Amino acid sequence: MASGALARSRAQVVVAVTGIAGPTGGTKEKPVGMVCFAWSRKGRVPESFTRRFSGGRESVRRQSVIAALQGLLERLEEG
C-alpha cells in the first residue's frame, strides 16, 4: 500500500496504516487492536511493522496515528 501510494504521487515519503480498531471485526489471527504500518521513501527499501494496541476504538486509532507519525519523523531524521 505504501509503495503504491509513493509510485502514484509526487511525494518523497508515505505512510500507510491498516488494522482492526474495533470494537468488532477482530479474529484470532487478526485481533482487535492489531495495526500494521508501512513507510516508503523514494530510493529506499520500504519498511513495515505490526503492533497491537489496547483500549477502545478511539484509543486504538489515536495510538495508531501517533505511531505512524513517530515512524515518519524517524525516517525523515535519517536524511
Side-chain angles (χ1 to χ4, degrees):
M1 192 164 49
S3 295
L6 188 64
R8 289 166 180 77
S9 72
R10 292 185 293 169
Q12 297 296 307
V13 61
V14 297
V15 59
V17 181
T18 188
I20 313 294
T24 62
T27 65
K28 188 174 184 176
E29 295 80 26
K30 296 179 183 176
V32 169
M34 186 181 98
V35 182
C36 302
F37 302 88
W39 297 267
S40 189
R41 294 178 66 184
K42 291 216 186 253
R44 303 268 179 109
V45 175
E47 299 177 77
S48 65
F49 75 88
T50 301
R51 290 194 54 189
R52 177 125 186 242
F53 298 111
S54 61
R57 180 179 181 80
E58 192 61 32
S59 178
V60 170
R61 292 179 71 188
R62 286 177 195 260
Q63 292 173 82
S64 298
V65 169
I66 291 168
L69 293 176
Q70 283 177 334
L72 184 61
L73 288 173
E74 289 167 8
R75 282 145 186 90
L76 291 173
E77 288 172 354
E78 292 171 0

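These numbers were taken from a predicted model, which means no experiment stands behind them.
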Anything under 3.5 Å between a donor and an acceptor, one on a side chain of residues 13-37, the other on a protein residue two or more places apart or in another chain? List them.
| residue | atom | partner | partner atom | Å |
| --- | --- | --- | --- | --- |
| T27 | OG1 | E29 | N | 3.4 |
| T27 | OG1 | K30 | N | 2.9 |

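Minimum heavy-atom separation, A68 to W39: O-NE1, 3.3 Å. Considering every non-hydrogen atom in both S54 and S59, the closest pair reads O-OG, 3.5 Å.
Not a single salt bridge (charged side-chain N to carboxylate O under 4.0 Å, His left out) links E77 to another residue, sequence neighbours left out. Here E47 pairs with R75 under the side-chain hydrogen bond (donor to acceptor under 3.5 Å, both in side chains) rule; sequence neighbours left out.
Clustering ILVMFWY residues whenever any of their side-chain heavy atoms sit less than 4.5 angstrom apart, transitively, puts F49 in the very cluster that holds V60.
In this structure, OG in S64 is found 8.5 Å from CZ in R51, a value given to the nearest 0.5 Å.
The side chain to side chain donor-acceptor pair (under 3.5 Å) analysis of residues 1-15, with sequence neighbours excluded, yields no pairs. Residue pairs satisfying the ring pair (Phe, Tyr, Trp, His ring centres under 6.0 Å) criterion with at least one member in residues 8-27, sequence neighbours excluded, are absent. Each ring pair (Phe, Tyr, Trp, His ring centres under 6.0 Å) pair with one or both residues in residues 56-79, not counting sequence neighbours, would appear here, but there are none.
R62 CZ: 12 or fewer foreign heavy atoms inside a 6.0 Å radius.
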